[in-house]
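These notes concern the structure reproduced below.
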Amino acid sequence: MSRHSWTRRALLSAAVATACGALAPAFAQAPAAPAWPTHPLRFIVPYPPGGPLDVMARALAEKLRVSLGQTVVVENKPGAGGNIGADLVAKATPDGYTLVMGAVATHAINPALFPNIPYDAIKDFAPISLVASVPNVLVMNPATADKLGVRNVADLLAYARKNPGKLNMGSGGNGSAGHLAGELLKARAQVFAAHIPYPGSVPAQLALLSAQTDFMFDNLASAAPLIASGKLKALAVTTAAPSPLLPGVPTLMQAGVKNFDLGTWFGVFTTGRTPAAVVHRLSEATTAALRSPDLRQRLQAMGSDAEPTTPEAFAALVKADLAKYAEIVKVSGARLN
């Protein structure tokens with residue numbers, strides 16, 4: 001090697017060493033990416049307090065508080081069949097700090113029912129995990145059933161045909177799963193009952209218990225304690241298969257109503273376009289919480305099992321149900337402004 005070449009290499013090595021030495025403090029002082037989350041989260045329940053979604057959101061919020069190391073504040077934002085609370089999350093900053101306990105109504109039914117729904121159920125949300133899926137159940141006040149001579153679904157439909165306009169059907173709100181189930185029953189069985197919407201499942205139950213309405217479709221998670229205590233009479237479930245939690249109670253199809261298969265589910269979403277790493281963190285925390293024995297027991301007491309899923313699987317469920325319920329809404333003739 002020539003002396004000239006050796007000198008050039010030596011100078012180059014020295015320059016590189018000097019540059020690296022100068023940069024080393026800068027790299028050493030560069031701040032690490034902040035851990036997520038760094039401040040409290042909001043957990044929106046788009047329905048009134050006291051219902052199954054509210055109960056589970058509060059139980060889940062406590063688990064997330066421990067797992068994430070931040071307070072998770074549950075806020076009830078009811079109205080418009082759940083659209084108000086869902087829209088709040090759809091338009092939140094996409095950083096994972098705002099969650100919603102969405103449901104089949106907010107993310108699969110309402111887009112078909114409301115022509116001017118303010119959000120896109122797919123694009124505006126990032127699914128985190130399904131929480132649970134449960135049947136809806138057709139229930140009556142036992143005293144009302146005795147008064148009307150209703151022992152089963154056939155009796156209810158026979159009474160409706162003989163007494164047009166005399167039956168009132170309650171629901172947890174316009175566009176709720178219970179409302180749609182009632183509209184589908186009327187369409188399939190060719191009967192009429194006046195629909196009376198209430199601001200949530202609990203007020204609708206109270207109206208049924210006080211005989212202000214004659215029947216309603218409630219989700220089993222909400223109705224199970226009242227059925228078990230004898231305060232409500234279960235006539236049928238809305239899913240294709242009977243519920244093991246209601247032995248002896250038929251499906252509506254078994255009771256003679258053709259092509260009737262409706263269920264309900266609820267799960268956790270955050271705002272669309274939230275970074276994938278944040279969605280993954282929320283998914284891990286949520287699915288771990290849903291596998292905890294106490295949360296599973298609480299869901300079982302409400303008539304359901306915990307069903308934690310990946311974000312991808314939950315997204316596929318939402319997409320499939322959007323298509324399914326669009327057809328059911330069309331058949332039922334239901335439409336809301």
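Checked against ring pair (Phe, Tyr, Trp, His ring centres under 6.0 Å), H179 has the following partners two or more places apart in sequence or in another chain: H195. Qualifying salt bridge (charged side-chain N to carboxylate O under 4.0 Å, His left out) partners for R291, counting only residues two or more places apart in sequence or in other chains: none.
Using a 4.5 Å cut-off between side-chain heavy atoms of Ile, Leu, Val, Met, Phe, Trp and Tyr, with links allowed through other members, I84 and V100 fall into different hydrophobic clusters. By the rule that hydrophobic residues join a cluster once side-chain heavy atoms approach within less than 4.5 Å of another member, V104 and I122 end up as members of one cluster. Linking ILVMFWY residues whenever their side-chain heavy atoms come closer than 4.5 Å, directly or via other members, places F314 and I109 in the same cluster. Following chains of ILVMFWY side-chain contacts shorter than 4.5 Å, one can reach L156 starting from L148, so the two form part of one hydrophobic cluster. Under the 4.5 Å side-chain heavy-atom criterion for Ile, Leu, Val, Met, Phe, Trp and Tyr, V329 and L262 are members of the same hydrophobic cluster.
Counting only heavy atoms from C-beta outward, the side chains of T309 and L317 never approach each other to under 4.5 Å. Using a 4.5 Å heavy-atom threshold, the side chains of P48 and V202 count as separate. Between L68 and R281 there is a side-chain heavy-atom pair separated by less than 4.5 Å. Inter-residue side-chain proximity for V139 and L208 is flagged as met; some heavy-atom pair is nearer than 4.5 Å. The shortest side-chain heavy-atom distance between L60 and T286 falls under the 4.5 Å cut-off. S243 places a side-chain heavy atom less than 4.5 Å from the side chain of P135. By the 4.5 Å heavy-atom criterion applied to side chains, L232 and V137 are not counted as neighbours. Within the 4.5 Å cutoff, the side chain of L157 has heavy atoms near those of the L185 side chain.
Of all heavy-atom pairs between L226 and S229, the closest is O-OG, 3.1 Å. Residues A105 and S176 share a closest heavy-atom pair of CB-CA, 4.3 Å. The minimum heavy-atom distance linking Q70 with P40 is given by the pair OE1-N, 3.5 Å. Closest approach of M169 and G182 over heavy atoms only: SD-CA, 3.3 Å. The minimum heavy-atom distance linking L290 with S129 is given by the pair CD1-OG, 3.9 Å. Across all their heavy atoms, A108 and W265 have their closest contact at CB-CZ2, 4.4 Å.
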Checking side-chain contact (heavy atoms from CB on, under 4.5 Å) for the pair L246/I227: CA distance, chi angles, key distance, verdict? CA-CA 9 Å; L246 293 176; I227 294 170; 4.0 Å; yes
side-chain contact (heavy atoms from CB on, under 4.5 Å) for D155 and L235? Distances and angles first, verdict last. CA-CA 10 Å; D155 288 342; L235 299 183; over 6 Å; no
Before giving the answer on side-chain contact (heavy atoms from CB on, under 4.5 Å), spell out for K63 and V72 the whole-Å C-alpha distance, their side-chain angles and the decisive distance to 0.1 Å. CA-CA 9 Å; K63 294 287 186 182; V72 180; over 6 Å; no
Before you tell me yes or no, could you show the steps for Y198 and M216 under side-chain contact (heavy atoms from CB on, under 4.5 Å), namely the whole-Å CA-CA distance, both residues' side-chain angles and the distance that decides it to 0.1 Å? CA-CA 11 Å; Y198 291 87; M216 71 177 285; over 6 Å; no
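In this structure, CE on M253 lies 7.5 Å from CG on N259, to the nearest 0.5 angstrom. Taken from OG1 in T270 to CG in D95, the straight-line distance is 7.0 Å, to the nearest 0.5 Å. A distance of 12.0 Å separates CG in L88 from OH in Y119, rounded to the nearest 0.5 Å. Separating the OG1 atom in T144 from the CG atom in L209 is a distance of 9.5 Å, to the nearest 0.5 Å. Of the inter-residue distances, the one linking N152 atom CG with M140 atom CE reads 11.0 Å to the nearest 0.5 angstrom. How far OG1 of T93 is from CZ of R273: 10.0 Å, rounded to the nearest 0.5 Å.
Counting heavy-atom neighbours within 6.0 Å of K324 NZ, excluding the residue itself, gives a total above 12. Crowding of R161 atom CZ: a count of heavy atoms from other residues, nucleotides or ligands under 6.0 Å exceeding 12. Heavy-atom neighbours of K147 NZ from other residues, nucleotides or ligands within 6.0 Å: at or below the threshold of 12. Surrounding NZ of K186 are more than 12 heavy atoms belonging to other residues, nucleotides or ligands, all under 6.0 Å away.
In summary, the side chains of S201 and N219 do not present any donor paired with an acceptor at a separation below 3.5 Å, with no hydrogens or angles considered. In summary, the side chains of N110 and Y325 do not present any donor paired with an acceptor at a separation below 3.5 Å, with no hydrogens or angles considered. For the residue pair Y97 / T274, no side-chain donor-acceptor distance below 3.5 Å is found, with atom types taken as modelled.
Salt-bridge annotation for K330 and E327: absent, with no side-chain N of the basic residue lying under 4.0 Å from a carboxylate O of the acidic one. Ion pairing of R298 with D294 is absent here, as no side-chain N (NZ or NE/NH1/NH2) approaches a carboxylate O to less than 4.0 Å.
Note on ring orientation: taking the six-membered ring where Trp is involved, the planes of F269 and F125 are perpendicular (angle over 60°, cut-offs 30° and 60°). Ring geometry, F217 versus F215: the interplanar angle exceeds 60°, so the pair is classed perpendicular (tilted spans 30 to 60°).
Side-chain atoms of D124 do not come within 3.5 Å of backbone N or O of G272 as any donor-acceptor pair. Formation of a donor-acceptor pair under 3.5 Å by the N136 side chain with backbone atoms of T238 is not found in this model. A donor-acceptor pair is defined here as one N or O able to donate and one able to accept, closer than 3.5 Å; no such pair exists between the side chain of K258 and the backbone of R188. One N or O on the side chain of T271 and one on the backbone of V89 form a donor-acceptor pair closer than 3.5 Å. A side-chain donor-acceptor contact under 3.5 Å links N163 to the backbone of Y159.
For the side-chain contact (heavy atoms from CB on, under 4.5 Å) with L282, the qualifying choice from I128, V268, T287 is I128, the only one to do so. If you run side-chain contact (heavy atoms from CB on, under 4.5 Å) between V134 and each of V237, T264, D305, T239, only T264 comes through.
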